[in-house]
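Here's the structure we're looking at; comments come further down.
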Amino acid sequence: ATGEVSYPDMPNAGHFDIEEARTYAENIGSHWGLMNIWSLSAVQLLFMVEYGSMHSQTLLGRGIVDKASGSDFAGENTGAFNIDDHLGHNGTGRGYGADDGLVPICYRWIENLWGNTWSFIDGYAAVDAAYRILKADGSATNFGESGWGVNDYDTSTATPITSDGYISNIEHEALLKYMLIPAAVAGSTSTYIPDYFWAHDAGETNILLAGGYWGIGSKAGLGCLNSRHDVAYSYRLIAARLEFMG
């Protein structure tokens, strides 16, 4: 699935795909990039250890997920609803002054891990036969699909599923065992990992988005993933998260 939207008053006429996001991040300086699949997985595992559950929307808040789709960017700016003044000592909390579903959440000082905008996740590609995952040992020199060589990623033995739905099981093979990559989608908003997965499109090379956006409702959450778009995908619902890779 491909598509884009253009806004002339934005950089590059409003086009913003994962390759451009990575370039903007790398232009900051050495070791800067986008949040990658290993980092996202580490945050997910930390949340599970801390709460004993992946029911993130119930435990911390729905996030900004119940707004009208609108036009252009229709989410909320960083720090909305005085969230900075409503965090615990561990940097966890949610915004104040509006209904749950309209205010941001923050987990361990990371705002809007779910809701508000989708986030590009680097170091991941899904092809018909396998997942390609950024090498975990730090030896990779390229982080995304268009520049990847076989020395930049490892290949799963698992084959990507092609059905969308709420996550009911995850892959347990050696490469993917620390990630919440779905193996089955027979769940619901209240069972297993109660977040939605948009699966690989057969015949394509797909990137990864995480978290959901301002109008996605109960499909959002820390486990919400979208693996149906290609490297050129650009849309008004998508942003990116900076990461310093020391």
Side-chain angles (χ1 to χ4, degrees), residues 21 25 32-67 73 75-124 166-167 170 176-182 187 189-198 208-227 237-246:
W32 284 97
L34 304 182
M35 187 178 207
N36 69 66
I37 184 64
W38 290 108
S39 301
L40 175 64
S41 300
V43 173
Q44 291 171 328
L45 291 173
L46 177 62
F47 187 95
M48 283 194 290
V49 169
E50 186 169 0
Y51 289 98
S53 170
M54 275 295 287
H55 290 237
S56 54
Q57 285 189 300
T58 300
L59 290 164
L60 289 189
R62 288 175 61 75
I64 302 170
V65 297
D66 292 333
K67 296 188 66 177
F73 171 71
E76 299 289 346
N77 291 331
T78 301
F81 294 97
N82 299 308
I83 188 171
D84 292 345
D85 297 326
H86 293 274
L87 301 180
H89 68 277
N90 63 350
T92 298
R94 72 184 193 191
Y96 175 80
D99 293 338
D100 191 18
L102 299 177
V103 297
I105 55 84
C106 189
Y107 175 63
R108 295 285 178 175
W109 308 105
I110 308 173
E111 188 174 332
N112 293 317
L113 268 169
W114 57 93
N116 208 37
T117 60
W118 286 107
S119 292
F120 286 125
I121 300 299
D122 224 346
Y124 166 105
Y166 287 94
I167 303 166
I170 59 173
L176 305 178
K177 64 184 178 181
Y178 298 120
M179 302 175 187
L180 302 185
I181 303 298
T189 59
S190 60
T191 59
Y192 305 106
I193 298 176
D195 303 325
Y196 206 82
F197 179 64
W198 284 264
L208 189 65
L209 311 176
Y213 78 103
W214 62 79
I216 201 172
S218 296
K219 292 180 179 179
L222 186 54
C224 178
L225 299 173
N226 186 331
S227 183
L237 311 174
I238 307 172
R241 194 176 297 277
L242 281 170
E243 179 172 88
F244 184 78
M245 301 170 286

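Only this structure's heavy atoms are used, side chains among them; waters, hydrogens and symmetry mates stay out. What you see is a predicted model; the values in this text were computed from it and never measured.
Annotation: salt bridge (charged side-chain N to carboxylate O under 4.0 Å, His left out) contacts of Glu111 (sequence neighbours excluded): none. Among residues two or more places apart in sequence or in another chain, the side-chain hydrogen bond (donor to acceptor under 3.5 Å, both in side chains) test is passed with Arg241 by none. Every ring pair (Phe, Tyr, Trp, His ring centres under 6.0 Å) that Tyr96 has, sequence neighbours left out, goes to His86. Under the side-chain hydrogen bond (donor to acceptor under 3.5 Å, both in side chains) criterion, Thr191 pairs with Ser188, not counting sequence neighbours. Glu243 is linked by a salt bridge (charged side-chain N to carboxylate O under 4.0 Å, His left out) to nothing, counting only residues two or more places apart in sequence or in another chain. Partners of Phe120 according to the ring pair (Phe, Tyr, Trp, His ring centres under 6.0 Å) rule, which considers only residues two or more places apart in sequence or in another chain, are Phe16. By the salt bridge (charged side-chain N to carboxylate O under 4.0 Å, His left out) test, Lys67 pairs with Glu76, sequence neighbours left out. Scanning for ring pair (Phe, Tyr, Trp, His ring centres under 6.0 Å) contacts around Phe47 gives Tyr51, Tyr107, with sequence neighbours left out. Qualifying ring pair (Phe, Tyr, Trp, His ring centres under 6.0 Å) partners for Trp38, counting only residues two or more places apart in sequence or in other chains: none. Looking at residues two or more places apart in sequence or on another chain, you find no salt bridge (charged side-chain N to carboxylate O under 4.0 Å, His left out) involving Asp195.
Residue pairs meeting the salt bridge (charged side-chain N to carboxylate O under 4.0 Å, His left out) criterion with at least one partner in residues 82-96, sequence neighbours excluded, are Arg94-Asp100. Listed by first then second residue, pairs satisfying side chain to side chain donor-acceptor pair (under 3.5 Å) with a partner in residues 55-64 read Arg62-Asp66, Arg62-Ser218, not counting sequence neighbours.
Between Ile167 and Met54, every side-chain heavy-atom pair lies at or beyond the 4.5 Å cut-off. A 4.5 Å side-chain heavy-atom check between Trp214 and Ile64 finds at least one atom pair inside the cut-off. Considering only heavy atoms from C-beta on, Leu208 comes within 4.5 Å of Leu225 through its side chain. Counting only heavy atoms from C-beta outward, the side chains of Ile216 and Trp114 never approach each other to under 4.5 Å. Between Met179 and Ile170, the closest side-chain pair of non-hydrogen atoms is not below 4.5 Å.
Nearest heavy-atom pair across Pro104 and Phe81 is CD-CD1, 3.9 Å. Heavy-atom minimum distance, Val43 versus Leu113: CG1-CD1, 3.7 Å. Of all the heavy atoms in Cys224 and Gly212, the pair that sits closest is SG-N, 4.1 Å. Considering all non-hydrogen atoms of both residues, Thr117 and Ala239 come closest at OG1-CB, 3.4 Å. Contact detail for Ala220 and Val65: the closest heavy-atom pair is CB-CG1, 3.6 Å. Taking every heavy atom of both residues into account, Leu60 and Cys106 meet most closely at CD1-O, 4.3 Å.
Within the 3.5 Å criterion, the main-chain N or O of Arg108 finds a donor-acceptor partner in the side chain of Thr92. Looking only at distances, no side-chain donor or acceptor of Asn77 sits under 3.5 Å from a matching main-chain atom of Ala80.
Atom OG in Ser53 sits 9.5 Å away from atom CD1 in Ile193 (nearest 0.5 Å). With rounding to the nearest 0.5 Å, the separation of CG in Leu242 from CG in Leu34 is 7.5 Å. Here CG of Leu40 is found 9.5 Å from CG of Leu45. Values are rounded to the nearest 0.5 Å. Here the straight-line distance linking atom OG of Ser39 with atom CD1 of Ile121 works out to 8.5 Å at 0.5 Å rounding. Note: Asn226 CG to Ile238 CD1 = 8.0 Å, rounded to the nearest 0.5 Å. Taking CG from Leu209 and OH from Tyr124, the interatomic distance works out to 10.0 Å, rounded to the nearest 0.5 Å.
Other residues, nucleotides and ligands place no more than 12 heavy atoms under 6.0 Å from the OH atom of Tyr178.
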